[in-house]
Undergrad: 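Take this structure first; my questions come after.
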Protein chains: 2
Amino acid sequence: MGLRERKKEKTRLAILDAALDLFLEQGYESTTVEQIAGAVDVSPRTFFRYFTSKDHLVLWFHDHGEEIMLETLSSRPADEPAFTSLMHAMRAVLEDVEGSTPDDRERFLKLRRLLDEHPRLVGLSVARGAQTDRRLVEVVAARRGVDPDEDQLSHLIVAFASCTMRVGFECPRRDATVPEISRRMAETIELAERSLQPGWDR
Amino acid sequence: MGLRERKKEKTRLAILDAALDLFLEQGYESTTVEQIAGAVDVSPRTFFRYFTSKDHLVLWFHDHGEEIMLETLSSRPADEPAFTSLMHAMRAVLEDVEGSTPDDRERFLKLRRLLDEHPRLVGLSVARGAQTDRRLVEVVAARRGVDPDEDQLSHLIVAFASCTMRVGFECPRRDATVPEISRRMAETIELAERSLQPGWDR
DNA sequence: TGACTTATGGCACACTGTGACAGAAAGGTT
DNA sequence: AACCTTTCTGTCACAGTGTGCCATAAGTCA
């Protein structure tokens, strides 16, 4: 990894951190790209080379999470019920956060607080989730050997899984820690599994 | 209803229709507000007085749908399981479409085709849905006599209901008719109910 | 060092969305 | 009818996001 790549990654994180702090301090809408860029001594034009949009700052986590979910999903035994596999994939995302650097964990928590305070951003997040869902449906349908356009159950399995994840992610405590969120998520998963008919996902 | 009100409603629908047609014809992103306003001989500034944003055009249906759902929900017996009530609320929305004017049905179908062709707009739609969900959670939690911040089940019930609705709404046929969508939705509801433990929603 | 590749900054630009104000249209009153 | 009031509309100016384009600076490799 050359100097160039390291420098790019550093700039990327500097922008992200500056943005998260500004957002939490003075709100999302009232923070301009110019301010964010200014805070890390970069031109606004360059900002848009690192993040395709202001919104993308909030979604940076999703890109990573989606990747982990797809990887985990493909590593699960093919005969495991799809919903169970998806729950494992979801847990893998949280385990990844737990195992990451303190800086990354802090970014994760700041983002969570940000989402908590700005409903509009939750909308952004679920919209991005819908995109992930479409990809997950492809995988789930393939595993079940059905056509994703025809099989409603594949859609329902992914949809139920993804909203279980969302419900678990909403933690009532504003300053929740990572383990607290994990525990909350585990509770939600358990609740969802108790609510569903055994074998409903084949 | 005076001339003023009638004229406003006419302009509103004219803008909506022009926009839907332009979107379907040349895509959402590549249609500008100026074009839409121009097509109905109105200034761009006036456009924004009828629709707070370009996105709002796509969400006009949700405002109405949310209203119907909240109304229906409050008219259901208080001891009915929450998920069942929500499924009734959802059906009420479709029944409203079925019972509306041919023009309104056509708008509904055009919107559906638009969503089908533009994944980004689906994101918008689910983001708006998240907003509705928050309101529904309030009602459901109140009915169940629990604190919405503490009770995960209320959140899960609403989340499952709303994604059942979304799955049912996605119809594989691009040029589906209203009855076809209704039938599809009924199938999805049945599938969801079969997948859930009896009494899971208390 | 020099040649090559890639990142950056600055500029012009298109588009969305908002506040402010002046004039036009609609509604009501005598 | 004339008049006043309320509400809608267009125009203008402006802030902010996001994109192409090009010259320049910085990193890479010989």
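Predicted, not measured: the structure shown is a model, and the values here were computed from it. Note on naming: letters A, B, ... go to the chains in the order of the sequence lines (proteins, then strands), and numbering restarts at 1 for each one.
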Undergrad: Output yes when a side-chain donor or acceptor of A:Glu180 lies under 3.5 Å from a complementary backbone atom of A:Thr177, and no otherwise.
TA: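 Checked: pair present.
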
Undergrad: With a distance cut-off below 6.0 Å to the six-membered ring centre and an angular limit of 45° from the axis, does A:Arg113 pair with A:Phe23 as a cation-pi contact?
TA: no

Undergrad: Give a yes or no answer on whether the side chain of B:Thr52 reaches the backbone of B:Phe48 with a donor-acceptor pair at less than 3.5 Å.
TA: no

Undergrad: Between B:Leu57 (CG) and C:dT16 (P), how many Å, whole number?
TA: 11 Å

Undergrad: Does A:Tyr28 have A:Lys54 sitting over its ring (NZ/CZ under 6.0 Å from centre, angle to axis within 45°)?
TA: yes

Undergrad: Let me confirm one number: the OG1-CG distance from A:Thr132 to A:Leu70, rounded to the nearest 0.5 Å.
TA: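 Interatomic distance, A:Thr132 OG1 to A:Leu70 CG, rounded to 0.5 Å: 7.5 Å.
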
Undergrad: Can you tell me how the ring of A:Phe108 sits relative to the ring of A:Phe169, calling it parallel under 30°, perpendicular over 60° and tilted otherwise?
TA: perpendicular

Undergrad: Could you tell me how far apart B:His56 (NE2) and C:dG17 (P) are, to the nearest whole angstrom?
TA: 11 Å

Undergrad: Compute the ring centroids of A:Trp60 and A:Tyr50, then answer whether they are less than 6.0 Å apart.
TA: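 No, they do not, as the ring centres are separated by 6.0 Å or more.
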
Undergrad: Can you measure B:Arg4 atom CZ to D:dT5 atom P for me and round it to whole angstrom units?
TA: 15 Å

Undergrad: Quick one, which residues of residues 120-129 of chain A touch DNA chain C with a heavy atom under 4.0 Å?
TA: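 Those residues whose heavy atoms fall under 4.0 Å from DNA chain C, taken from residues 120-129 of chain A, amount to none.
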
Undergrad: Go nucleotide by nucleotide along DNA chain C from the 5' end; which of B:Glu29 and B:Glu5 gets its closest nucleotide reached first?
TA: B:Glu29

Undergrad: Strictly distance-based, threshold 3.5 Å: is any side-chain N or O of B:Lys110 a donor or acceptor partner for the main-chain N or O of B:Arg105?
TA: no

Undergrad: What does B:Thr31 touch in the nucleic acid at a heavy-atom separation under 4.0 angstrom: a base, only the sugar-phosphate, or nothing?
TA: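 Sugar-phosphate: the residue B:Thr31, judged by heavy atoms under 4.0 Å, touches backbone atoms but no base.
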
Undergrad: Please report the distance, rounded to the nearest Å, between CZ in A:Arg6 and P in D:dG27.
TA: 11 Å

Undergrad: Any idea which of C:dA20, C:dG9, D:dT9 is nearest the A:Thr46 side chain?
TA: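 Taking heavy atoms from C-beta onward, the closest nucleotide is C:dG9.
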
Undergrad: For B:Glu34 and C:dC15, give me the distance from atom CD to atom P, rounded to whole Å.
TA: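 After rounding, the gap between these two atoms is 7 Å.
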
Undergrad: Contacts to DNA chain C from residues 47-54 of chain B, heavy-atom cutoff under 4.0 Å, which residues?
TA: B:Phe48, B:Arg49, B:Thr52, B:Ser53, B:Lys54

Undergrad: Go through D:dT28, C:dA26, D:dT11 for me and flag the one nearest to the B:Leu3 side chain.
TA: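 Nucleotide nearest to B:Leu3's side chain: C:dA26.
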
Undergrad: Expressed in angstrom and rounded to an integer, what is the separation of B:Arg12 atom CZ from D:dT7 atom C1'?
TA: 17 Å

Undergrad: Could you check how far NZ of A:Lys10 sits from P of D:dA26, rounded to whole Å?
TA: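 So the two atoms are 15 Å apart, to the nearest Å.
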
Undergrad: Looking at A:Lys7, does any N or O in its side chain come under 4.0 Å of the phosphate oxygens OP1/OP2 on D:dG27?
TA: yes

Undergrad: Quick one: A:Arg45 CZ to D:dA25 P, roughly how many Å, whole number?
TA: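 So the CZ-P distance, A:Arg45 to D:dA25, works out to 19 Å.
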
Undergrad: Would you please say whether a donor-acceptor pair under 3.5 Å links the side chains of B:Thr72 and B:His88?
TA: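 Distance-only check fails for B:Thr72 and B:His88.
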
